[in-house]
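Only heavy atoms go into these numbers, but all of them, side chains included; no hydrogens, no water, no symmetry mates.
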There are 2 protein chains.
Amino acid sequence: MSIDPGAATPLWRQLADILRAQIESGELPAGRIVPSENTLSQQHGLARGTVVKALDALEREGLVERIQGRGTFVRRDGRAGKE
Amino acid sequence: MSIDPGAATPLWRQLADILRAQIESGELPAGRIVPSENTLSQQHGLARGTVVKALDALEREGLVERIQGRGTFVRRDGRAGKE
DNA sequence: GAGAATTTGTACGTATGTATG
DNA sequence: ACATACATACGTACAAATTCT
């Protein structure tokens with residue numbers, strides 16, 4: 001799975017989808033994760049702002065939790081927030 | 001009500017709070033509204049990105065609806081989305 | 001405790017694309 | 001064709017919180 005700049009889907013959503021898939025598949029286990037924003041931006045060739053937007057989306061979905069100074073973590077059941 | 005750059009509250013949240021208050025007070029009636037992103041950014045002395053973040057927050061709260069090419073509108077009951 | 005390094009948070013500015021009127 | 005308005009994406013800078021040395 002990788003980013004396709006030519007696709008109709010926005011880049012930030014493509015990244016969010018990739019990370020969501022990795023979480024749901026267990027590749028990114030509950031507890032902690034998601035390489036830092038800088039790492040993600042380098043790995044996928046995206047601006048940091050774009051990475052942030054993807055992570056914000058995942059946080060709103062309740063999949064991850066972002067903590068300033070620490071990092072971004074996968075929530076334990078993958079849906080702790082709501083719904 | 002105006003923006004205070006020195007406050008602890010982020011600028012985008014201050015703007016969102018101002019707009020929310022205007023909506024709930026009826027100053028911004030249901031139907032249509034919110035001066036354009038450009039207008040808001042000039043009126044409050046904020047970057048457009050900051051205005052967008054405020055409007056995104058209000059949209060997530062279900063207070064407004066943003067339509068590309070048209071504008072940002074106040075939702076009818078002020079809480080149509082969720083909860 | 002001091003200081004550096006890391007990581008997320010906020011804010012700015014700019015450019016281009018897409019949709020509407 | 002043109003103007004307006006939101007959408008996406010880039011790059012930069014500094015602040016704030018945490019962790020490590």
Side-chain angles (χ1 to χ4, degrees), chain A residues 2-20 22-23 28 30-75 80-81, chain B residues 2-20 22-23 28 30-75 80-81:
Chain A
S2 91
I3 301 290
D4 173 17
T9 311
L11 303 182
W12 64 267
R13 183 171 291 284
Q14 290 185 48
L15 177 58
D17 288 343
I18 290 173
L19 294 174
R20 189 184 308 108
Q22 291 179 350
I23 290 172
L28 282 178
R32 80 167 294 275
I33 57 136
V34 189
S36 71
E37 293 169 358
N38 275 328
T39 302
L40 284 175
S41 102
Q42 287 168 14
Q43 283 180 347
H44 297 276
L46 300 173
R48 205 193 130 199
T50 305
V51 173
V52 167
K53 196 161 182 183
L55 294 176
D56 278 346
L58 293 177
E59 187 172 43
R60 276 183 255 117
E61 293 176 23
L63 283 174
V64 304
E65 183 180 8
R66 313 188 61 215
I67 306 180
Q68 185 175 0
R70 303 235 288 140
T72 301
F73 303 82
V74 179
R75 298 189 76 128
Chain B
S2 92
I3 300 290
D4 173 18
T9 310
L11 302 183
W12 65 266
R13 181 171 291 284
Q14 289 185 48
L15 176 57
D17 288 342
I18 289 174
L19 295 174
R20 189 184 308 107
Q22 292 179 351
I23 290 171
L28 282 179
R32 84 168 292 275
I33 55 138
V34 190
S36 71
E37 293 168 357
N38 274 327
T39 302
L40 282 174
S41 100
Q42 287 168 13
Q43 282 180 347
H44 297 277
L46 299 172
R48 220 189 110 193
T50 306
V51 173
V52 167
K53 196 160 184 184
L55 294 176
D56 277 347
L58 292 177
E59 186 171 44
R60 276 183 257 117
E61 293 176 23
L63 283 174
V64 304
E65 184 180 6
R66 313 187 63 214
I67 306 181
Q68 184 175 1
R70 306 233 289 140
T72 300
F73 303 82
V74 179
R75 297 190 76 128

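Across all strands shown, D/dA1 forms no Watson-Crick or G-U wobble pair with both key distances under 3.5 Å.
Between the NE2 atom of A/His44 and the P atom of D/dC10 there is a distance of 13 Å, rounded to whole Å. Put simply, CZ on A/Arg60 is 12 Å from P on C/dG9, counting in whole angstrom units. Computed from coordinates, the B/Asp4 CG to C/dT10 C1' distance equals 15 Å when rounded to whole Å. B/Asp56 has its CG atom 14 Å from the C1' atom of D/dA9, to the nearest Å. Rounded to whole Å, atom P of C/dT7 lies 9 Å from atom CZ of A/Arg32. Put simply, CZ on A/Phe73 is 11 Å from C1' on C/dT8, counting in whole angstrom units. Between the CD atom of B/Gln43 and the P atom of D/dA5 there is a distance of 12 Å, given to the nearest Å. Between the CD atom of B/Glu37 and the P atom of C/dT14 there is a distance of 16 Å, rounded to whole Å.
A/His44 has its side chain within reach of A/Leu15: a pair of non-hydrogen atoms, C-beta onward, lies under 4.5 Å apart. Counting heavy atoms from C-beta on, the side chains of B/Arg60 and B/Leu58 never come closer than 4.5 Å. Counting heavy atoms from C-beta outward, B/Leu19 and B/Leu28 have side chains that approach closer than 4.5 Å. By the 4.5 Å heavy-atom criterion applied to side chains, A/Thr39 and A/Gln43 are counted as neighbours. Contact of the A/Arg32 side chain with the A/Val74 side chain is not registered, since no non-hydrogen atoms from C-beta on lie closer than 4.5 Å.
Here the nucleotide nearest the side chain of A/Thr50, chosen from D/dC10, D/dC6, C/dC12, is D/dC10. Here C/dG13 is the nucleotide among D/dC10, C/dG13, D/dA7 with the atom lying nearest to any side-chain atom of B/Ala47.
Salt bridge absent: A/Lys53 and A/Asp56 never bring a charged side-chain N and a carboxylate O closer than 4.0 Å.
Rounded to the nearest 0.5 angstrom, A/Ser36 OG and A/Arg48 CZ are separated by 9.0 Å.
No contact: A/Gly49 has no heavy atom under 4.0 Å from any strand.
Taking side-chain N and O atoms only, A/Lys53 has no distance below 4.0 Å to OP1 or OP2 of D/dA9.
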Strictly under 4.0 angstrom, non-hydrogen atoms only: write out the protein contact profile of nucleotides 13-21 of chain D, one letter per nucleotide from the 5' end, B, S or -.
B-BBBBS--

